Every structure is written in C-alpha cells, then in structure tokens.
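Working notes for the structure below.
Lettering follows sequence order; numbering is per chain, from 1. Bear in mind that the values here come from a model prediction, so they are computed numbers and not experimental data.
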Amino acid sequence: MGWHYAFGRASLQSNSVWGSLQMDTKFGKGCHLHLIDGSAFIFRAYHALPPLTRKSDGLPVGAVSGFCNMLQRYVEGNNGADAATHVAVIFDKGSHTFRNDLYDLYKANREAMPEDLRPQIPLTRKATEAFNIACKELEGFEADDIIATLSCMAREAGGRVTIVSSDKDLMQLVGDGVEMLDPMKNKRIDRDGVIEKFGVGPERVVDVQALAGDSVDNVPGAPGIGIKTAALLINEYGDLESLLDRAGEIKQPKRRETLIEKRAQIEMSKRLVQLDCDMDLDFTLEDLEVRDPEPDVLLGFLSEMEFRTITQRIAAKLGTEPPVIAEPAAEAAADEVEAVPFDADKYECVSDASALQVWIDRIVQAGYVAVDTETTSLDEMRADIVGISLCVEPGQACYIPIAHKASRGDDLFGSDDLAEGQMDRDEVLGMLRPLLEDPSVLKIGQNMKYDAKIFALLGVDVAPIDDTMLMSYAMHGGLHNHGMDGLSERYLSHKPIEIKSLLGTGKAAVTFDRVPVDDAVKYAAEDADITLRLWQAFKPKLHRVGVTTVYETLERPLVPVLARMEMAGIKVDRDTLSRMSNAFAQKMAGLEAEIHELAGRSFNVGSPKQLGEIMFDEMGLTLPDGKKPSTGKTGAYSTGADVLEDLATIHDLPRRILDWRQLSKLKSTYTDALQEHINPDTGRVHTSYSIAGANTGRLASTDPNLQNIPVRSEEGRRIREAFVADDGKVLVSLDYSQIELRILAHVAGIPALKQAFVDGVDIHAMTASEMFDVPLDEMTPEVRRQAKAINFGVIYGISGFGLARNLRIPRDQAQGFIDRYFERFPGIRAYMDDTVAFAKEHGYVQTLFGRKIHTPEINSKGPTAGFAKRAAINAPIQGTAADVIRRAMTRMDTAIERIPARMLLQVHDELLFEVDAEAADDLIEVARNVMEGAADPAVKLDVHLAVDGGQGATWAEAH
DNA sequence: ACGCTCACG
DNA sequence: GACGTACGTGAGCGTA
C-alpha cells in the first residue's frame with residue numbers, strides 16, 4: 001500500500017489535468033485555495049508540546065516538531081472533493097504594523113515571545129518549504145491581511161477558499177465561497193457559523209468587533225458593550241455608521257452616552273479590526289499551486305531536526321527508507337557532565353586575538369555561553385571592566401584579563417602600569433560584540449543585570465540572556481538565597497574560591513585590578529564554569545517545577561528594563577539636601593539641649609540603651625498601662641516610637657526624643673547619605689534593584705534605597721523636593737490605587753468588596769459601614785481609621801494582639817472587631833484557611849500568575865508557626881501585586897518609546913517617569929493604560945485596577 | 001556582626 | 001493554657 005502524498009493524490013483524483021494545471025492553468029473556477037494561518041499553528045504547537053530540544057545540541061524544537069505534525073496531519077486529511085488545488089501558509093512579519101501607527105497600544109497586552117520559541121520561528125518557515133508548500137509573509141503586515149487579500153483575489157477569480165484558522169478576526173472574510181476550517185475541532189465555519197458566533201453576517205462582523213473590542217489584542221471598542229449587545233445594535237440600525245449617527249435615539253442612557261462619547265474610539269477600533277483586502281503582493285495565486293514534496297528535501301529537513309518518529313512515519317508513507325539520525329552519546333555525556341571535577345588549573349588565560357577567536361568559534365558552534373565580568377566596583381556606574389570570563393562546557397573556561405595592574409614585590413600599593421600579556425580592551429570588545437549581540441547565541445549569567453550594565457556602558461547590548469540567579473528565584477523562592485556561592489554549594493556540591501581571599505577585607509581590601517592575573521584566572525573562570533553548570537542543572541528543572549512561564553515573563557524580561565532604569569538614575573539637587581541638612585542640624589542641637597535639661601544630665605541621645613536607663617531607672621517613668629518596661633534580646637529597655645508615644649502622655653522628654661529621632665533619621669539617612677550617592681559624572685542617583693531579594697516577588701532597592709524616601713510626615717515629604725526633573729522635563733508618578741485590597745477582593749471572592757471598587761466608593765469607609773452599621777454619610781474619621789487598620793490587618797494575616805496594638809485598644813475589643821469582620825465577609829476567613837491549608841500540604845503558596853513562594857516553616861511548632869502562617873496568607877496578595885507591576889514594567893518600555901519618556905523608579909505600587917513637559921499628559925494616558933491592563937491577558941481580574949497619576953517639577957509635586 | 005529603630009509599600 | 005505576634009523590605013547607628 002504505497003502512500004501518495006495527499007496533495008498529489010487528491011489533485012490527481014479530483015482533477016485529471018493535474019499536470020497541465022501545474023503548467024499554466026490560471027486560478028479560477030474549480031480551483032480551491034487553502035490559506036493556513038501559520039502563526040496560529042506555531043503557537044498551538046508551542047503550547048501543546050513539552051519543551052523538546054534537539055538532542056545533539058539542545059536547540060529548542062518542540063514547536064517545530066508540533067508544527068510539522070500539524071502540517072502532516074493537514075496534508076493527509078487534504079483529499080476528496082474539498083481538496084486544495086492551491087495552498088499557502090501565511091506568517092506574520094515584524095512586530096510593528098500600520099495598526100500600531102493608528103493606536104500605539106494595539107496588542108500592547110501581548111506577552112513577549114518566549115525565549116525558546118524565538119529561534120524556532122525561522123525553522124517553521126523552513127519546515128513549510130520542506131513540505132513544498134508556499135510560505136508567504138510581508139514586512140509590516142499581519143498574516144490576517146495577507147489572508148484577506150488572497151481570499152478576495154481568489155473569490156473574484158471564481159475559485160473557492162478555505163481559511164485554516166480559528167482566529168475569529170478572519171470570520172469577516174467568510175461568504176461567497178470562502179469558508180473557515182478550525183483545524184483543532186475540524187469544524188467548518190460558513191456564513192451560518194459566523195452568524196452563530198457574532199450574531200451578524202460576515203459583512204457586519206467588523207462593526208460588531210469595533211463595538212465589542214478585543215481585550216486580547218487591546219482593541220478598546222465601546223466600554224460596557226460586548227458581542228451580544230453589539231450584534232443587537234447592529235441588527236437594529238443596519239450598520240455601525242448608521243448606529244453612531246443615530247446614537248441619540250438609543251433608550252438606555254448609559255449605552256447612548258457611551259456611543260456618543262466614545263465615537264472616535266469606536267471608529268478607530270473599526271480601523272484596527274478591519275482587514276486589508278487590497279495589499280500589493282509580489283506573487284500570484286498561480287504561485288500557490290500545490291506541489292508534491294521532494295522526499296529528499298522533506299526527509300532531510302526532518303532528520304536534521306532529529307525528529308525520529310515523524311521522519312520514520314513520513315518515510316514509510318513515501319515508501320522510502322528513512323535516513324539514519326545519528327544518536328549522540330547524549331546519555332553518556334550527560335553523566336560525564338556531572339562527573340567533570342572542578343580544576344582551576346585547567347582554566348585558560350586568553351591573552352591574544354587568535355586564542356580569543358578559538359573561543360568565539362566554539363561559542364558560536366554551541367549557541368550559548370556563560371559570561372562573567374570582573375570590575376573595580378560593585379557600583380556599575382563607577383566600575384571599570386578588568387576582565388571577562390567565558391565557559392561553554394563544564395570544566396572548560398577561560399579568563400580574558402584586560403586591565404590588571406602590574407604588581408611589584410617592592411611596592412605595597414602596586415603600580416599604575418598595566419600587567420603584561422593583556423589584550424586591548426577595545427579589541428576584546430570588538431571581537432566579542434557580535435557574539436554578545438548575536439540573537440542566536442544565548443548569554444548565560446549569574447545576576448546578568450550587573451554584567452549587562454557593564455557591557456551597556458561600553459556600548460554593547462547583551463541579548464538574549466538567561467540568568468541562573470533568576471532561575472533559582474523562580475524555582476526556590478522562599479527556600480534560600482540565590483547568590484552564586486550558595487547555589488554552587490547547594491546544587492553543585494562545590495565551594496567556590498572566596499573573593500575575600502583575593503581582595504582581602506575591610507580597609508585593606510583592594511580592587512580586582514590589583515589581583516595578580518594568575519589568581520584572577522582561577523577565580524573568574526571558575527565563576528563562569530559554575531554559572532554554566534548551574535544553568536545546565538536548572539534549565540530542565542524549571543519545567544519540572546512548573547515555573548518556566550514565571551521565569552520567562554516575570555523575571556528575565558525585567559533584566560534589561562531595570563538595567564535601563566538604573567542607568568538613567570534620577571536627578572537629585574545637592575543644594576536642597578544640603579540646606580535641609582543644616583536646618584535639621586540646628587533643630588537637633590536645640591532639642592538635644594532641651595533633652596539634656598529634662599533628663600538632668602548629658603548623654604548620647606542616639607543611644608537607646610542610655611535613654612532607657614535614664615527614663616526608667618534614673619527618672620522612674622512608668623508606662624500608662626502600669627506594665628513593666630519591656631526589654632529586648634540584649635536586656636536593654638525598649639524605647640521604640642510606640643513606647644515613647646505612650647510615655648509622652650506623662651512627661652515632656654519622650655516627645656522631644658521622638659522629634660529628635662525623626663530629624664536624626666532624615667538627616668543621616670536622607671539629606672546626608674543621599675548626597676554621597678549623587679554620581680559625579682551624571683549628577684544623578686542610580687539605585688540598584690535586586691530582582692531576587694524579596695521572597696514575595698517584590699523588588700528591593702539598595703545603594704541607596706529609593707523605595708523608602710519619606711512621604712508620610714510633612715517634614716519628611718520635603719526630602720522629595722530634592723528629587724527633580726531634568727531641565728525642560730517633568731516627573732510623572734503613577735500608582736495603583738489599593739491594589740492589594742483589590743487583589744484580595746478577587747482571590748477571596750468578596751462580592752461587597754468588589755462592588756465597592758466598581759462603585760468607586762471609599763473602601764475603608766465601606767468596610768466601616770458594613771462592620772459597624774454606620775451609614776456612609778454618617779461616617780466619622782475615627783471609625784473609618786479603625787476599619788482601615790482592619791483592612792490592612794487582613795492582608796497581613798490579622799491577629800487580635802496585632803490589631804489591638806496597632807489601634808491601641810484592648811485586646812478583646814480588637815478580637816471583637818475581627819470576629820465581626822469575618823462575620824460580614826466570610827470569604828476572607830475561607831481564603832485565609834484555604835491558603836494556610838494549601839501551604840501545609842504543598843510547602844508553598846502561589847500568586848495568580850503562578851509564582852511560587854515556599855513556606856518551609858509552615859509546619860513548625862510554636863511562635864514560628866504563627867509567623868509562617870501570616871506570611872503565607874500575605875504572600876499571594878503581596879506577590880500578585882508585585883507580579884502585576886512587573887508585567888506593567890516589561891511592557892512599558894516599548895509603550896512609551898515614541899513619546900519619548902523614561903521610566904526611572906519603581907516603588908512597589910508606583911512608577912516614576914521623566915518626560916518632556918509638553919508630553920506629560922500623553923505619557924500619563926499611555927502608561928496608565930499599560931498599568932491598568934497589566935494583568936491581561938494572563939489573568940482576568942474581577943476587579944478593575946485603578947491607577948492615579950500626577951506630574952510636577954519634583955517628586956513631591958508629582959506624587 | 002547584630003540588634004534597635006525607623007523610613008517606605 | 002501559654003507561647004509570641006501584624007506582611008514585605010534597607011540603612012544608619014550604637015553596642016558588643
């Protein structure tokens with residue numbers, strides 16, 4: 001039973017003049033054109049299959065394999081009366097289309113393409129060609145437009161068309177001999193099918209889409225109108241134009257208002273969804289005629305991809321012998337990888353161009369490389385590069401010294417001359433640049449943000465990347481830290497050379513350029529070696545743990561975004577800080593004198609120990625509740641703000657201390673320390689964000705911390721006046737309003753809470769009203785304050801004790817509040833119980849986006865159990881909010897590119913931008929849209945995410 | 001090195 | 001019945 005390739009066979013059967021058709025027949029009556037939506041095939045293949053890699057070299061090929069299977073299945077099914085005489089697979093090309101010019105947020109919600117899919121795209125083109133099927137695309141156009149143009153052409157020529165796709169946008173093309181075929185359900189969709197889906201005929205589908213919008217592609221449409229309503233309106237008024245012209249006649253007030261007010265937006269939506277039937281194509285329908293595949297070409301491609309099963313199947317059907325696919329010694333090699341011992345003596349020192357070229361060739365061959373840079377400072381903005389290490393295979397790594405100083409035995413401080421045997425920096429960079437920027441070579445690093453910044457400042461844009469620190473964070477969040485040394489010991493059982501042993505510690509520490517080259521080779525090359533080994537261990541584990549999407553959408557894409565933000569920095573006015581510092585110093589001196597006077601003697605006001613002894617032992621102050629003053633671990637009296645606040649009711653001293661402490665904090669941490677952080681070259685402050693620091697997925701800001709600049713007190717808020725926009729620009733601040741409570745409303749499913757956000761009422765007042773049966777218009781600030789504390793308490797894993805302390809009320813009263821709250825919102829209790837139960841069973845909790853936060857102490861006994869429980873309750877909420885803003889940030893750069901604007905800072909629920917003054921309003925609109933839509937399309941929140949915005953010359957004004 | 005205190009969300 | 005407690009961070013200072 002010989003197998004004929006379905007196209008050939010079908011054509012021969014259904015059309016006896018197959019041969020002549022192939023020669024010169026014009027496309028026309030009797031012809032049947034199949035148009036396959038290639039991108040849809042690819043994505044379906046990608047998501048349907050596990051992440052397979054080519055055995056010989058690890059190239060990701062899962063999607064290609066699925067794509068080939070789908071093509072083969074399609075081809076086999078293509079026979080009988082409906083068989084195609086002409087066929088093409090159509091692809092999208094380029095991310096920017098005319099629709100982006102119409103509306104810059106078009107498809108802005110789209111997830112970035114997964115890293116392991118990107119290299120497979122060109123391979124799917126090759127696969128199509130290997131099947132000998134026409135493969136068409138056009139820069140700047142979506143596949144849908146090409147499909148539209150071709151079906152119009154085919155229809156006009158009198159032929160039939162089948163569009164193989166399930167994309168509902170293509171339904172507008174159906175009719176007059178054009179049908180769709182959903183390849184998964186194997187269901188044909190004709191005119192009736194379209195009416196079933198859209199409620200209108202194909203010719204009016206665009207009108208319905210224009211009204212209903214599309215959250216996936218970010219087509220706005222008319223708010224509040226879905227497909228059902230849209231179809232109703234179109235059927236009543238005939239078409240969109242008539243509807244909009246006669247919108248005033250609509251009875252429902254809300255609907256009428258929307259259609260009148262949003263007319264422009266609706267008309268733009270129509271232009272976005274309207275397919276272009278009139279493109280200029282550089283090929284004809286005749287070019288799409290079906291052709292039998294060349295067995296050699298097809299089998300050659302399949303065997304090159306190392307698809308054993310498909311190759312054999314197709315070879316059998318073609319009646320040929322399948323080509324032999326070499327079985328690499330993969331298993332044996334993999335075991336050996338584990339066994340390769342660390343040997344610092346095997347690392348190579350690269351000191352000339354020919355040696356470097358050998359490494360570059362190896363890396364290009366491999367398609368990946370572990371990279372590490374050595375510099376003179378942990379602050380990238382002040383660091384000079386000293387050397388680069390590379391590794392492509394465990395145990396085989398090199399170090400390229402660039403700027404090591406010559407060391408001389410008789411000179412304690414070393415010399416300023418460069419050591420011998422080093423390549424010129426620019427020569428090294430010139431050779432490495434093509435590699436580091438090569439889209440087909442993956443650069444692997446541990447904390448790549450650091451190295452990417454070092455390279456970026458030297459004019460090299462490193463991409464694409466993988467980051468072992470972030471892989472670990474995605475897999476092991478909550479279990480341990482993700483520093484390289486720890487990971488190496490834990491996962492490779494190897495203790496790396498400590499940097500201390502090369503640089504020394506404390507005052508005597510030297511910079512890396514003072515390290516002798518021989519020592520540097522051992523240390524630096526080992527780091528690259530470790531990084532590569534960690535990557536090999538983590539890459540497959542990422543899938544097993546089920547956090548590939550988390551890593552690819554929430555962690556890795558943040559690296560270039562944060563690198564840009566950190567390099568941009570924010571302008572800080574030194575004079576403002578300096579003036580404030582002097583003012584604080586004066587006030588503090590005055591307070592200090594008063595404090596000593598009140599205390600009866602002089603002491604260090606900054607010492608809690610001395611203060612405690614003075615207040616409680618010498619002066620004999622007693623707490624209002626009559627309790628003994630509490631002590632900490634060291635036995636010293638506790639003198640925290642809450643204690644002093646209580647004591648302030650009986651004596652003047654504690655208030656003075658509180659005032660002094662506030663000023664001291666502002667002066668030392670902000671007005672003084674911040675000045676030290678102004679970069680002399682840029683005049684700006686460049687913080688560093690740690691992506692893998694906080695357990696919940698939040699970022700953390702260090703050196704300096706710009707996420708805790710004062711704002712709550714009037715005095716402190718003035719610090720923000722020193723954060724200014726550059727000349728001619730303004731700062732724009734956008735922050736999520738009550739994002740954690742909104743997420744709580746969603747995850748716990750609290751109808752009253754959700755409704756409150758829909759109605760836009762004061763959420764704390766609403767809570768108070770529900771709990772205390774007080775009507776909203778009779779709400780007092782005090783009752784509202786208590787409800788607010790409870791709302792926050794819930795997010796933190798409330799306890800009677802904690803609430804009592806926070807509100808300074810008796811514990812039983814606080815417990816009463818909590819009981820009442822749970823009575824009114826029983827879903828909250830259920831959420832808390834379920835979350836803790838989940839944590840106990842699985843050892844982790846999860847955010848809505850799949851981030852896992854491990855809770856290793858959840859099953860412990862004693863007080864730690866309480867901590868672990870509350871942390872488990874809080875983590876999904878805080879973590880989901882963190883995921884949301886991460887998603888917003890990864891999409892923000894491209895969204896605001898054209899304005900142009902720069903994102904400078906992230907403060908958990910706030911993003912701060914710098915933009916030309918006249919473009920500020922534009923930015924606010926665009927950035928707000930990105931932020932409000934950041935959960936889409938991965939998660940459909942029941943609650944709208946609202947974003948407040950402001951602008952001004954300083955951060956104080958913008959916030 | 002560690003604890004205390006306090007700045008932020 | 002008693003533990004002990006709001007969640008998540010980072011920095012500066014004093015004390016050991």
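- Under 4.0 angstrom from either OP1 or OP2 of C/dT15 there lies at least one side-chain N or O belonging to A/Ser607.
- When atom types are taken as modelled, the side chain of A/Arg886 and the backbone of A/Gly697 share a donor-acceptor pair closer than 3.5 angstrom.
- One can place CG of A/Leu706 at 14 Å from C1' of B/dG9, the figure rounded to the nearest angstrom.
- A/His686 contributes a side-chain N or O that, together with a main-chain N or O of A/Met567, makes up a donor-acceptor pair within less than 3.5 Å.
- OP1 or OP2 of B/dT5 has at least one side-chain nitrogen or oxygen of A/Thr639 nearer than 4.0 Å.
- Residue A/Gln906 contributes atom CD, which lies 18 Å from atom P of C/dG8 at whole-angstrom precision.
- Nucleotide B/dG9 forms a Watson-Crick or G-U wobble pair with C/dC7, both donor-acceptor distances falling under 3.5 Å.
- Within the nucleic acid shown, A/Thr864 has no heavy atom closer than 4.0 Å to any nucleic acid atom.
- Following rounding to the nearest Å, A/Leu905 (CG) and B/dG9 (P) show an atom-to-atom distance of 13 Å.
- Considering only the side chain of A/Arg720, B/dC8 comes nearest among C/dG14, C/dA11, B/dC8.
- Looking at A/Arg928 and A/Asp948, no side-chain N of the basic residue comes within less than 4.0 Å of a carboxylate O on the acidic one, giving no salt bridge.
- Between A/Leu674 atom CG and B/dA7 atom C1' the separation is 12 Å, expressed in whole Å.
- For A/His944 and A/Phe757, the ring centers sit 6.0 Å or farther from each other.
- A/Ser799 comes within contact range of at least one nucleobase, with a heavy-atom separation under 4.0 Å.
- Residue A/Ala789 is in base contact, counting any heavy-atom pair closer than 4.0 Å across all strands shown.
- If you check every strand for non-hydrogen atoms under 4.0 Å, A/Ala673 touches sugar and phosphate atoms only.
- Nucleotide C/dA16 forms no Watson-Crick or G-U wobble pair with any nucleotide shown, as no partner meets the under 3.5 Å limit on both distances.
- Residue-level contact check: A/Glu910 touches neither bases nor backbone, having no heavy atom under 4.0 Å from any strand.
- For A/Tyr689 and B/dG9, the OH to P distance is 13 Å, given to the nearest whole Å.
- A salt bridge links A/Asp646 with A/Arg808: the distance from a Lys NZ or Arg NE/NH1/NH2 to an Asp or Glu carboxylate oxygen falls below 4.0 Å.
- Of the candidate nucleotides C/dG12, B/dC4, C/dA16, C/dG12 has the atom lying nearest to any side-chain atom of A/Ser668.
- The listed nucleotides are C/dC7, C/dA11, B/dC4; the one nearest the side chain of A/Asn874 is C/dC7.
- Across all strands shown, A/Lys633 has heavy atoms under 4.0 Å from sugar-phosphate atoms exclusively, and none from any base.
- In the set B/dG9, C/dC13, B/dC8, B/dG9 carries the atom at the smallest distance from any side-chain atom of A/Arg698.
- Residue contacts for A/Ala882: at a heavy-atom cut-off of 4.0 Å it reaches no nucleic acid atom on any strand shown.
- Nucleotides C/dT5 and B/dG3 place their P atoms 14 Å apart, quoted to the nearest Å.
- Ranking C/dA6, C/dC7, C/dG10 by closeness to the A/Gln878 side chain, first place goes to C/dC7.
- Across all strands shown, A/Gly606 has heavy atoms under 4.0 Å from sugar-phosphate atoms exclusively, and none from any base.
- Side-chain contact between A/Met469 and A/Met484 is absent, with no heavy atoms from C-beta onward closer than 4.5 Å.
- Nearest nucleotide to the side chain of A/Arg811, out of C/dG10, B/dG9, C/dG4: C/dG4.
- Separating the CD1 atom of A/Ile795 from the P atom of C/dT5 is a distance of 22 Å, rounded to the nearest angstrom.
- A distance of about 13 Å separates the P atoms of B/dC4 and C/dA6, rounded to the whole Å.
- Between A/Glu715 and A/Lys587, at least one side-chain nitrogen of the basic residue sits less than 4.0 Å from a carboxylate oxygen of the acidic one, meeting the salt-bridge criterion.
- In terms of phosphate contacts, A/Gln662 brings no side-chain nitrogen or oxygen within less than 4.0 Å of OP1 or OP2 of B/dT5.
- Among the atoms of the strands shown, only primed sugar atoms or phosphate atoms (P, OP1, OP2) are found under 4.0 Å from some heavy atom of A/Asp703.
- The A/Asn806 side chain lies nearest to C/dA6 when the options are C/dT15, C/dG8, C/dA6.
- When rounded to the nearest whole Å, the span between OH of A/Tyr637 and P of B/dC4 equals 15 Å.
- Annotation: C/dC3 and B/dT5 have their C1' atoms spaced 25 Å apart (nearest Å).
- Remark: the A/Arg805 side chain and the C/dG4 base include no donor-acceptor N/O pair separated by less than 3.5 Å.
- Contact annotation for A/Leu699: no contact, since no heavy-atom pair falls under 4.0 Å across all strands.
- The nearest heavy atom of DNA chain C to A/Gly866 and to A/Gly862 marks one nucleotide each, and the one closer to the 5' end goes with A/Gly862.
- Across C/dG12, C/dT9, B/dT5, the shortest atom-to-atom separation from the side chain of A/Ser638 is found for B/dT5.
- The aromatic rings of A/His482 and A/Tyr473 sit perpendicular to each other, their planes meeting at more than 60°, with 30° as the lower class boundary.
- Atom pair A/Phe792:CZ and B/dG9:P shows a separation of 10 Å (rounding to whole Å applied).
- Considering only the side chain of A/Val711, B/dC8 comes nearest among B/dA7, C/dT15, B/dC8.
- Nearest to the side chain of A/Arg870, among B/dG9, C/dT5, C/dG14, sits C/dT5.
- Between A/Arg661 and C/dC13, a side-chain N or O to OP1/OP2 separation shorter than 4.0 Å is absent.
- Contacts of A/Asn705 with the nucleic acid, taken as non-hydrogen atoms under 4.0 Å apart, involve only primed sugar atoms and P, OP1 or OP2.
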